[in-house]
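Here's the structure, in structure tokens; my notes come after.
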Protein chains: 2
Amino acid sequence: MTIEACGHEDCGIRDVLDRLGDRWSVLVIVTLAQEPRRFRELQRAVTGISTRMLTVTTRRLVRDGLATRTVYATVPPQVEYRLTDMGLSLAAAIAALSDWSRTHKSAISDARAAFDAAEAPRQALAR
Amino acid sequence: MTIEACGHEDCGIRDVLDRLGDRWSVLVIVTLAQEPRRFRELQRAVTGISTRMLTVTTRRLVRDGLATRTVYATVPPQVEYRLTDMGLSLAAAIAALSDWSRTHKSAISDARAAFDAAEAPRQALAR
DNA sequence: CAGGATCCGATCCGATACTG
DNA sequence: CAGTATCGGATCGGATCCTG
């Protein structure tokens, strides 16, 4: 756990963030964690992702050793993406964050509503 | 853990990501997890963050109920930021990811090197 | 089917200058 | 000290078209 042990420059978090901080990586990882998928399957599973971003994202996962890319010489061609053990372990860590999100989602909404309610009137007065 | 339980649209991850997916939020959270800080203290602790981004980031944390902002009517003024219990629980979840990163950092570097080594020659041949 | 290439708007974010 | 306001560059990511 060790929440401290940071401070000097940054802990290892920067690295994770650079890898997961974009719009799609995490979504693709959790989807692949369910089961391996082919390119189009994956695109249908990850709602809203464009061809380009799916390409970019999967390539990055493969490059980092989080997923494997297997080409089957069929017609039409099929390419299967599958998380490696390392990728699966990351997915597990992400799942913890996901759980956190579901647990606190309503509390956050409430906090926002309260904050905005306190803030909005000031905006009105400012004019 | 439950890595599955996704698929329909997205699990709760989208929400966390929208909150943590930017360049600084996570860094500020882990820094505040160590101990409460004043604005400039925080800026010095989070290396490289600009005034603007620190303002934006802290404001968002406060709005989401992850941190509190306490103003002391001193001269010069002091403002203390402190994680709430909810913020601390998020910091713990993040710490798990951070641990993951430190554990797998070298493996990822190796994977990248191998990938790039396999890829670079093709680029050369293409020309 | 799987993806590469290009164009282009949206946004993020850093630098800088200024206020209370 | 603790911010706010504005500008401009860099990056992100969507749409579209094309190839094997």
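The chains referred to below are lettered A, B, ... by the order of the sequence lines, with proteins before strands, and numbering in each begins at 1. Given the structure is predicted, the values throughout are model-derived calculations rather than measurements.
The CD atom of B:Q78 sits 10 Å away from the C1' atom of D:dA2 (whole-angstrom rounding). Taking atom CG of A:L27 as the reference point, atom P of D:dG14 lies 11 Å away to the nearest angstrom. In this structure, CD1 of B:I49 is placed 14 Å from C1' of C:dA15, rounded to the nearest angstrom. As a whole-Å value, the separation of A:L54 CG from D:dC12 P is 17 Å. Straight-line distance from the CZ atom of B:R69 to the P atom of D:dC1: 16 Å, rounded to whole Å. Between A:Y72 atom OH and C:dG3 atom P the separation is 13 Å, expressed in whole Å. Rounded to a whole Å, the CG atom of A:D22 is 10 Å from the P atom of D:dG14. Counting to the nearest Å, the C1' atom of C:dC12 and the CG atom of B:D18 are 14 Å from each other.
Distance from the side chain of B:M53 is smallest for C:dC13 among the nucleotides D:dG3, D:dA2, C:dC13. Ranking D:dC1, D:dG3, C:dA2 by closeness to the B:P77 side chain, first place goes to D:dC1.
For B:S50 and C:dG14, the shortest distance from a side-chain N or O to OP1 or OP2 is below 4.0 Å. For B:Y81 and D:dC1, the shortest distance from a side-chain N or O to OP1 or OP2 is not below 4.0 Å. Distances shorter than 4.0 Å separate some side-chain N or O of B:R59 from OP1 or OP2 on D:dT4.
Shortest non-hydrogen contact noted between B:R60 and B:S25 is NH2-OG, 4.0 Å.
A side-chain donor-acceptor contact under 3.5 Å links B:Q43 to the backbone of B:I49.
Comparing A:W24 and B:E80 by the nucleotide of DNA chain D that holds the closest heavy atom to each, the one mapping nearer the 5' end is B:E80. Residue whose closest nucleotide on DNA chain C sits further toward the 5' end, between B:T51 and B:R23: B:R23.
Within the model, atoms CD1 of B:I29 and CH2 of B:W24 stand 14.0 Å from one another, a figure rounded to the nearest 0.5 Å. The distance from the CD1 atom of B:I94 to the CG atom of B:D99 is 12.0 Å, given to the nearest 0.5 Å.
Inter-residue side-chain proximity for A:Y81 and A:R69 is flagged as met; some heavy-atom pair is nearer than 4.5 Å.
Using a cut-off of 4.0 Å between Lys/Arg side-chain N and Asp/Glu carboxylate O, A:R14 and A:D18 are scored as salt-bridged.
A rotation axis mapping the C1' atoms of four pairs onto the next four is fitted at both ends of the helix from C:dC1-D:dG20 to C:dG20-D:dC1 over five pairs, and the angle between these axes is 40° to 10 degrees.
Between A:R102 and A:S98, the side chains place a donor N or O and an acceptor N or O closer than 3.5 Å (distance only, hydrogens not considered).
On a pure distance criterion of 3.5 Å, a polar donor-acceptor pair joins the side chain of A:R52 and the base of D:dG13.
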